[in-house]
Amino acid sequence: MTTKRRLKPLDFGAEPMKIELGPSHPATHGITRFAIELDGEVVVKMEAEIGYLHRGFEKEAEATNYIKIMPYTDRLNYVSPLINNVGYALTVEKLFGVEAPPRAQFARVIMCEISRITDHLTCNGATAMEIGAMTVFLWFLKVREYLWECVEEVTGARLTTNWARIGGNANDLPDGFLPMLEDRLQKVEAVLLEGEALILKNRIFIDRVKDVGILSKERAIEHAFTGPMLRACGVPYDVRRADPYLVYDQLDFEIPVGTVGDCFDRFLVRQEEIRQSISIIRQASDKLPPGDFHCRDRRVWMPDKYEVFNSIEGLIDHFKIVMDGPQPPPGEAYQAVEGGNGELGFYIVSDGSGQPLKCRVRPPCFNFVAAMGEMTVGHYLADIVPIFGSINMIGGELER
Amino acid sequence: MDAILEILVNPAVQAILKIAVIVMGFVMLTGTVLTLMERKWMSAVQDRLGPNRANVGRFTGHGILHIAADGLKSIFKEDTIPEGADRVIFTIAPFFALFASIVIWAIIPFAAPIGGFTFQITDVDIGILLVLAVTSMGVYGAVLAGWCSNNKFAMLGATRATAQMLSYEIFLGLSLVGVFMVNGSVTVSTLVENQNTYWFDGLIPKWGVFTQPLAFVLFFTAMLAEMKRLPFDAPEGESEIIAGYFLEYSGMRWSTFMLAEYLAIVGTAGLTVTLFFGGYHIPWLFADGFHLFGWILELPVWLVALLQIGAFITKTIFFCWLVIILRWTIPRFRFDQIMELGWKKMLPLALANVMVTALVLLAIDHWQAG
């Protein structure tokens, strides 16, 4: 219908109307505020104001030992908490120079990919819902619930997983988990097709998202976009491929890219990534090696109870971990993982004590929200909704 | 006894009784039940159960009590009027919306007349034109509510509502012109009776949807837009302007808007049935019984009337269902896309429909004249 449409304000000589979207507004899920100036219905200026969900994660981390930071990371990106867990654990492992055993790494890959699926399902579902396709949203949430039941099976919680540990995982994958997961994945695949059948051939949906919120490849790189947002612009950058962590180099997957960088491309890229994640989970389940689910490094993992009760070294190591927490050597480490939204980086500086000297999170959606103004100016007020939906802002991650 | 009969045959008394029965007994009831049924039907689409928790003791009735619960809740809620709002207009605006959705029923017949008694509140000569006039009144509810609320979101909603309803009004009228031309009348009783005539020796009824298929599509679309249902609910646009023109309303006044919306669904369904789906007619059912292939099944007059009322209500409820299911199947248009659809696609189509209908009628006249 309309192509490459960026409207110029009409020359009426009238003052633009200022309205505030948010902080509590149905479109600004995850609390944020947009100060918008409207000319008729056309956005002439838009500023995003963030900080309503700031909880001081980074400062809190400086007063907490390395093990106790783990539950806080659940609350960063609360639709894919396991990726945060794993990202943080990998960073601290880098500081220590330890590595989780292969079984733990494969298990982490499986859980991370489940989280990525839930993340993308939420984002795409919410985008569809805000355009009015409520049914698709609820179908996607239905299968997300199936996957969260899998997560609950492993971690004991749907959302506050707190599952990864420094040097391993809290527990092994339980018996019968992989068949259950396979069953659920098939349901996800079926519902993906159902949802796509309802909207991807629907002219109304396509008109609402196509050519809306375009950001060029160059501007996206200048804004330091990562993840699906960048890939939708046509840049095949994925941390799992560019800087492989865990065992992603042993797994075979494709990186879907878009062409234009509009909301429709972002939607399609996320849909395809869900399929790729399903394939990754299947490969990882096949390759899952036997063995331990944690390392035996005494600096980070408590010795077995037998050793604690029967040897002086065991007792001392147990005591040190309980009282001081693991103490990495002085130094700094940055580890990025591919979160649901893009490059989720943890940067930790250690002074050799049990608490980080500085902990910093690189939230992927910070850059997206920063570019909101650029993406929305010249569009209609109603276009803010799919654009904001497509950037998948997660308040917990953005404002920490 | 004679005195009572004398009062009953008085047309004014009859009209009042009919208003009471039709508006209270059918329209209000259906509209209220629809508020629950929409949630139930939508839940069925979305793989969930829907509301089922309101209860009296252990009785929940699968959610039937939610109707009462909703009503009670909105009566007891605080009815706020925002500072800076125009109190008078703010108070009366919901009733404009309600008025428009109810008055439609003045002209819709429920069954064929028996003797001098019609199952229709009034059969005015201007007929369907009254509907066009009254649905235009509906826009006042939205405009006044949005304008006087002293809220920018409400005003955006009101401007959207005005533009949308005025644009769609035009081809709503044009789509009906075809129907008027085919029937040569605008009186509702004539329109409905003509739909009980048949092609091919009493085989296929001349329902409006067969004589004017395009007009039906245009009319139904326009009515969807008139009552601001998805995909045309940009004036309410819950995701960007929250609730649009009735954003500042609360309590019973808010419920009035919601009720008006559901009554509009029932009204639209009733109109669509009357104009395009044979009204109260069951195919091949005449005043004395069924006639098909020369085979006749005679029925008493009262049974025919009951069957007709039943048929009308069934058809109406089917269209209510269709409107609701549409909402949960397709996404929402953006506001400019609604305008584009209306002016660039629907309006030319409506004009073309009038043109083609005129040519066909002319051709038939020529052919019959020999």
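Just so we're on the same page: letters track the sequence lines, and every chain starts at 1.
Within the 4.5 angstrom heavy-atom criterion, only side-chain atoms of A:Leu38, from C-beta onward, approach chain B. Contact annotation for A:Glu20: only backbone heavy atoms (N, CA, C, O) come within less than 4.5 Å of a heavy atom of chain B. With a 4.5 Å cut-off on non-hydrogen atoms, A:Ile131 touches chain B through its backbone and its side chain both. Contact of A:Met17 with chain B is made through the side chain alone, with heavy-atom distances under 4.5 Å.
Among A:His25, A:Met129, A:Lys142, the residue making the largest number of heavy-atom pairs under 4.5 Å with chain B is A:His25.
For the residue pair B:Ser74/B:Ser255, the side-chain donor-acceptor check at 3.5 Å is satisfied. Remark: the B:Thr80 side chain and the B:Ser250 side chain contain an N/O donor-acceptor pair separated by less than 3.5 Å. A donor-acceptor pair shorter than 3.5 Å can be found between the side chains of A:Asn341 and A:Glu397.
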Check the pair B:Thr60, B:Asn55 against side chain to side chain donor-acceptor pair (under 3.5 Å), reporting the backbone distance first and the verdict last. CA-CA 4 Å; B:Thr60 60; B:Asn55 61 314; over 6 Å; no
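For the pair B:Arg332 and A:Glu130, the salt-bridge criterion is not met [side-chain N within less than 4.0 Å of a carboxylate O].
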